[in-house]
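What follows is a short report on a single structure.
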Amino acid sequence: QELNEARRWEGVRDVRQLDGNVRRWGGLLLPNNPPYNTGAFRFELTFSPNHPLEPPCVTLRTPIYHPSVDLEGRVCQPLTTHVHWEPYTRAIQVLQDLLLQLDSPDPQRVLRPDVARELQERPEEFRRRAEEHTRLHAEPRPD
């Protein structure tokens with residue numbers, strides 16, 4: 001049911017189980033705002049065997065130049081921490097929060113301090129680098 005709900009949301013495409021595993025989903029995230037809105041970013045959502053009592057883990061498989069995403073694709077997403085997780089939170093809310101985070105980089109949610117500093121101190125340089133990185137690494141946006 002949650003998988004179908006996610007598939008109907010316009011912020012993602014191609015959401016499906018990975019390797020036939022109901023606890024591993026993959027798909028493409030479609031940012032709305034520059035510098036990321038020229039590409040699509042592959043994500044993976046992994047659910048614990050204890051879901052919904054434990055939060056899922058979100059990983060971006062497409063490299064992105066973003067202060068809240070480290071080089072391994074781990075995302076600083078407070079919603080999916082044990083401190084903030086609520087068992088009634090739906091998978092689509094996790095994906096919506098992720099998209100909001102990509103669309104509006106927050107220097108307070110930091111996994112890459114150098115990129116966060118650049119965003120704050122030299123926003124034009126940050127945007128140029130993020131656009132170039134998106135051009136090089138992101139997948140084409142589906143129609």
Side-chain angles (χ1 to χ4, degrees), residues 1-113 115-116 118-120 122-143:
Q1 185 178 336
E2 286 197 66
L3 183 59
N4 287 331
E5 182 180 35
R7 286 178 173 150
R8 286 191 302 269
W9 179 51
E10 70 278 355
V12 294
R13 291 290 182 286
D14 190 30
V15 179
R16 66 193 184 299
Q17 293 179 19
L18 298 177
D19 304 322
N21 186 341
V22 71
R23 289 203 291 263
R24 281 185 64 223
W25 298 0
L28 286 173
L29 198 63
L30 306 175
N32 298 301
N33 299 335
Y36 309 110
N37 64 337
T38 58
F41 295 84
R42 193 142 306 271
F43 70 86
E44 188 172 316
L45 193 57
T46 307
F47 300 92
S48 151
N50 298 322
H51 184 78
L53 299 178
E54 291 180 5
C57 177
V58 179
T59 308
L60 277 184
R61 295 296 179 203
T62 306
I64 188 169
Y65 191 80
H66 195 286
S68 302
V69 183
D70 72 12
L71 296 173
E72 284 79 47
R74 291 182 296 247
V75 181
C76 177
Q77 190 176 18
L79 178 65
T80 60
T81 62
H82 289 277
V83 176
H84 296 286
W85 181 253
E86 297 291 346
Y88 53 79
T89 305
R90 303 187 61 76
I92 192 167
Q93 291 172 287
V94 173
L95 294 173
Q96 289 168 336
D97 183 64
L98 175 62
L99 186 64
L100 182 65
Q101 195 165 339
L102 293 187
D103 279 340
S104 306
D106 181 353
Q108 305 308 311
R109 293 180 173 185
V110 176
L111 288 178
R112 295 178 66 189
V115 177
E118 184 180 68
L119 172 61
Q120 287 187 296
R122 298 182 314 282
E124 311 80 24
E125 179 70 12
F126 164 80
R127 187 179 178 123
R128 187 190 64 71
R129 285 184 194 211
E131 284 173 350
E132 178 69 6
H133 206 270
T134 298
R135 189 181 64 72
L136 291 172
H137 299 284
E139 295 185 29
R141 287 176 78 92
D143 294 329

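The structure presented is a predicted model; accordingly, all values stated were derived computationally and were not measured.
Screening residues 67-83 for side chain to side chain donor-acceptor pair (under 3.5 Å) gives S68-Q101, D70-R74, E72-R74, Q77-D97 as the qualifying pairs, with residues at least two apart or on separate chains. For residues 53-74, the pairs satisfying ring pair (Phe, Tyr, Trp, His ring centres under 6.0 Å) are Y36-H66, Y65-F126, with sequence neighbours left out.
For F43, there are no ring pair (Phe, Tyr, Trp, His ring centres under 6.0 Å) partners two or more places apart in sequence or in a different chain. Residues satisfying the salt bridge (Lys or Arg N to Asp or Glu O under 4.0 Å) criterion with E125, sequence neighbours excluded, are R128, R129. For R42, the salt bridge (Lys or Arg N to Asp or Glu O under 4.0 Å) test picks out D14, E139, with sequence neighbours left out. For T38, the side-chain contact (heavy atoms from CB on, under 4.5 Å) criterion is met by T134, not counting sequence neighbours. With sequence neighbours left out, A6 forms a side-chain contact (heavy atoms from CB on, under 4.5 Å) with V15, W25, L95. Every residue two or more places apart in sequence or in another chain was checked for a ring pair (Phe, Tyr, Trp, His ring centres under 6.0 Å) with H84, and none qualifies. Partners of E131 under the salt bridge (Lys or Arg N to Asp or Glu O under 4.0 Å) rule, at least two apart in sequence or in another chain, are R127. Taking the side-chain contact (heavy atoms from CB on, under 4.5 Å) definition, one finds that Q108 meets it with D106, sequence neighbours left out. For R24, the side-chain contact (heavy atoms from CB on, under 4.5 Å) criterion is met by L18, D19, N21, E44, T46, not counting sequence neighbours. F41 pairs by the ring pair (Phe, Tyr, Trp, His ring centres under 6.0 Å) definition with nothing, not counting sequence neighbours.
Judged purely by atom type and a 3.5 angstrom limit, R61 has no side-chain atom pairing as donor or acceptor with the backbone of G73. Remark: the backbone N or O of R13 is not paired with any side-chain donor or acceptor of R7 at under 3.5 angstrom.
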Next item on the list: Evaluate the side-chain contact (heavy atoms from CB on, under 4.5 Å) criterion for residues L102 and L29: first the C-alpha distance (whole Å), next the side-chain angles of each, then the deciding distance (0.1 Å), finally the verdict.
Entry: CA-CA 10 Å; L102 293 187; L29 198 63; 3.5 Å; yes

Next item on the list: Test L98 against V75 for side-chain contact (heavy atoms from CB on, under 4.5 Å), laying out the working first.
Entry: CA-CA 8 Å; L98 175 62; V75 181; 3.8 Å; yes

Check: What do the steps show when you test N32 against D103 for side chain to side chain donor-acceptor pair (under 3.5 Å), and what is the final call?
Finding: CA-CA 6 Å; N32 298 301; D103 279 340; 3.0 Å; yes

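Taking the six-membered ring for Trp and thresholds of 30 and 60 degrees, F47 and H51 have ring planes more than 60 degrees apart, a perpendicular arrangement.
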